[in-house]
Amino acid sequence: MSHEHVSYLELLARGAATEAYDRPVLLARASGAGPEALAELEEAKQLALRVRAELEGRRRREAELSALFATAHDLAGLRDLDAVLRAIVQRARSLLGTEVAYLSLNDPAAGDTYMRVTEGSVSARFQQVRLGMGEGLGGLVAQTARPYVTDDYFEDPRFQHTRTIDAAVRDEGLVAILGVPLSLGSQVIGVLFAADRRARVFEREQVALLGSFAAHAAVAIDTANLLAETRSALAELERANGIIREHSGVIERASEVHDRLSELVLHGGGVHDVAEAVSEVLGGTVEFSEEGAGAARRAGGHAVREGEDWVAAVSAGGETLGALVLRGQPDLDPVDQRTLERAALVTSLLLLARRSAGEAEQRVRGELLDDLLDAPDRDRRLLRERAARLRTDSEAPHVVLAARIDRAGGGADPDAAGREGADRQRLWSAATHLAATRHGLASARDGGTVLLLPLGPGESAAELARQTARSLGGTLREPVTVGASAPVRAPLDRPDQVAVAYEEARRCLDALVLLHRAGQGAAAEDLGFLGLLLADGRDIDGFVDRTIGQVVAYDRRRGTDLVRTLDAYFASGMSPARTKDELHVHVNTVAQRLERVGRLLGPDWQSPSRALEIQLALRLHALADAVTGK
């Protein structure tokens, strides 16, 4: 065997590129080999190239079969349809070697088509586009139930171009697109696409491979639909059987619970005693919840089903005090529903009795908070003693919360003044009850209520504000807006800071109303860049870090240029095509960088509100670097 023949075997063994097979011929010609030797080498070269093509084809087919087997395995253990569809699209993109792959599904209710899964896409407009039936390349695939391919999308007249679709495709920078149908029987339910940002030819084998993935995706969707229908049918059968089993004993249970509730009231039982008694009789778990009334508030005293639970509102005098929640009995007999309602009525009587006994303590709590706000120079030892008698944890960080019921158009109503007074009284009553349960303080102030509540372990001021808004709003059946201050550490040691924190909470409350977010709870940190203006401490570094800190840190660790790419992207109107001109890089580089940004900041980073905050954070970051000279 000649040396040159050995060279071809070595090239085959290491999988060399096609161009490398010309080298032995060139070397032989340079060394003066004769025509016969050159002809023999040329013949050996062609034979080696055929062997290489055969090996390459076998490797490709092996990879394709492996991916199809993996997809079939995913279907066999189908648990999460989205995860299976994502895996199919990812494998299709990888094996076809395209820059983008995506899957669209028809929405019969809306009469259009929407993007279900995208892989490699960086344009928010492209990912959110919805297409009318029959529009675009996908419409042609759906109409004919056959694959279609275009090597230049914008110059192809075979399908219906629309402004919306063309704008999305242009924003993504796509040129060559292959689409194959997702079919269930004779019905096309969607389209699987593979696309590149450059012109290319899709081979017949690649079209067939994408068609195989589309068939798997259709099976996955059909399987998920069948599983959902089967689960629904089984649930209906279980409910029917439960009614049959329980009906014979409902009258006996109703009589038993009536006797037990009467005995509890006569012997001074409490709310949890009532819940325990009803739990034993109805065979489930009954709990009293101060925030669980939900739809039961509007049911006029009747028990209602919420998910797998039954809920009966505990109310008195138009005020919702909470709810009795029955868990573990989703199919409750009507007679047992009346039993739960009677238990809720008994619970409301017990709570009213307990409330009247606690009103004196509530007044004392209000007086202590008023002193902290109006007379912070009082003797701190006396303040601590008063707080200890009220079981208030004076060492824990506390948050000042300003709460108010805001009614639209109240000034034009002649009864508005009287109603606002009643609202303030109801809000104060609910707030003082909440403060007592959380070992805090509450007082009526400035047309609303102010609370001083301790933070729980790992709890933030924003979380506490949202919990307080939900709790007070649920109790009063009115939207209650709550603004929170930053945490105040050991407020009894620094009583002067309580008044400062109250002003910050009021500014946050007013901002929520101006932002049309009445009925919500928030702290300055919830309001993004607006929070910088509301908080007493201008935490600019904190805002920048919360908004783009992960991108800045990634650049520092890896030496990448994601921050500058973001600047250029927003300056270019969020268009990858224009961004690459600004940065003088390939559009693929822009796409890869923006894909990395999306992984760092989350999938919604291009939404209008997030984009606005990111742009402000970029400006502040650049300003800080200019000041520090970094």
Side-chain angles (χ1 to χ4, degrees), residues 82-83 85-86 89-90 93 99-103 114-130 164 167-174 197 460 462 515 517 522-532 539-583 585-625:
D82 283 337
L85 294 181
R86 279 196 300 273
V89 172
Q90 289 167 357
R93 178 193 180 198
E99 294 166 295
V100 183
Y102 51 101
L103 183 150
Y114 65 97
M115 290 291 186
R116 178 64 181 266
V117 181
T118 64
E119 179 70 18
S121 169
V122 296
S123 167
R125 179 187 298 181
F126 184 79
Q127 294 165 16
Q128 298 165 8
V129 70
R130 295 186 74 98
T164 301
V169 173
R170 184 175 288 108
D171 203 46
E172 189 64 56
L174 300 182
R197 298 185 177 93
S460 69
L515 292 172
R517 290 175 58 181
E525 65 189 71
D526 282 322
L527 303 179
F529 65 88
L530 184 58
L532 293 176
D539 185 15
I540 293 177
D541 291 341
F543 169 75
V544 172
D545 186 62
R546 288 192 298 272
T547 309
I548 61 169
Q550 293 191 61
V551 175
V552 173
Y554 190 89
D555 275 352
R556 288 173 179 166
R557 288 197 311 272
R558 305 291 183 89
T560 51
D561 215 4
L562 299 184
V563 170
R564 193 165 72 91
T565 301
L566 271 177
D567 264 327
Y569 182 59
F570 286 119
S572 302
M574 301 175 72
S575 169
R578 290 194 294 273
T579 303
K580 59 99 173 173
D581 295 333
E582 175 72 19
L583 297 176
V585 298
H586 195 274
V587 70
N588 290 351
T589 302
V590 174
Q592 292 165 4
R593 292 180 182 178
L594 294 180
E595 189 173 2
R596 170 60 61 184
V597 169
R599 292 178 183 172
L600 292 172
L601 298 185
D604 67 334
W605 71 276
Q606 298 185 81
S607 65
S609 59
R610 288 286 310 278
L612 178 61
E613 293 198 354
I614 291 170
Q615 291 177 74
L616 177 58
L618 288 169
R619 297 295 181 274
L620 294 172
H621 176 66
L623 181 61
D625 283 352

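Just so it is clear, the model here is predicted, and its values are computed rather than measured.
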Item to check | For Ile614 against Phe570, the heavy-atom pair lying closest together | outcome: CG2-CE1, 3.7 Å

Item to check | Distance-only donor-acceptor check, side chains Gln606 and Tyr569, under 3.5 Å | outcome: yes

Checklist entry - Atom CG in Leu566, atom CE in Met574: separation rounded to 0.5 Å? => result 9.5 Å

Next on the checklist: Glu582: which residues meet the side-chain contact (heavy atoms from CB on, under 4.5 Å) condition with it, sequence neighbours left out?
Outcome noted: Ala568, Ser572

Next on the checklist: Are Lys580 and Thr589 packed together at the side-chain level, in the sense that at least one heavy-atom pair is separated by less than 4.5 angstrom?
Outcome noted: no

Next on the checklist: Working note: Thr118 + Val89, criterion side-chain contact (heavy atoms from CB on, under 4.5 Å); need CA distance, chi angles, decisive distance, verdict.
Outcome noted: CA-CA 7 Å; Thr118 64; Val89 172; over 6 Å; no

Checklist entry - Would Val551 and Trp605 count as a side-chain contact (heavy atoms from CB on, under 4.5 Å) if you check the C-alpha gap in whole Å, the side-chain angles of each, and the deciding distance to 0.1 Å? => result CA-CA 12 Å; Val551 175; Trp605 71 276; over 6 Å; no

Checklist entry - Can you tell me how far the CD atom of Gln592 sits from the CG atom of Leu594, to the nearest 0.5 Å? => result 10.5 Å

Next on the checklist: I'd like to check the side-chain contact (heavy atoms from CB on, under 4.5 Å) partners of Asp581; sequence neighbours left out, ordered by chain and number.
Outcome noted: none

Checklist entry - Closest heavy-atom contact between Val100 and Ser121? => result CG1-N, 4.3 Å

Checklist entry - For Arg558, which residues count as a side-chain hydrogen bond (donor to acceptor under 3.5 Å, both in side chains) partner, sequence neighbours excluded? => result Tyr554

Checklist entry - Atom CG of Asp555 and atom OG1 of Thr565: how far apart are they, to the nearest 0.5 Å? => result 8.0 Å

Checklist entry - Taking only residues two or more places apart in sequence or in another chain, which ones pass salt bridge (charged side-chain N to carboxylate O under 4.0 Å, His left out) with Glu99? => result none

Item to check | Nearest-0.5 Å distance, CG of residue Leu562 to CZ of residue Arg596 | outcome: 8.0 Å

Next on the checklist: Donor-acceptor check, side chain of Gln550 to backbone of Leu600, threshold 3.5 angstrom: yes or no?
Outcome noted: yes

Item to check | Residue from Thr579, Leu583, Val122 passing side chain to side chain contact (heavy atoms under 4.5 Å, CB included) with Arg593 | outcome: Leu583

Item to check | side-chain contact (heavy atoms from CB on, under 4.5 Å) partners of Ser575, counting only residues at least two apart | outcome: Asp171, Ala577, Arg578

Item to check | Over all atoms of both residues, closest heavy-atom pair of Pro576 and Val587 | outcome: O-CG2, 4.1 Å

Next on the checklist: List the residues meeting side-chain contact (heavy atoms from CB on, under 4.5 Å) with Arg130, not counting sequence neighbours, and say none if there are none.
Outcome noted: Asp107, Ala110, Asp112, Tyr114

Checklist entry - Nearest heavy-atom pair of Val563 and Leu618: which atoms, and what distance? => result CG1-CD2, 3.9 Å

Checklist entry - Arg197 side chain to Glu172 main-chain N or O, any donor-acceptor pair under 3.5 Å? => result yes

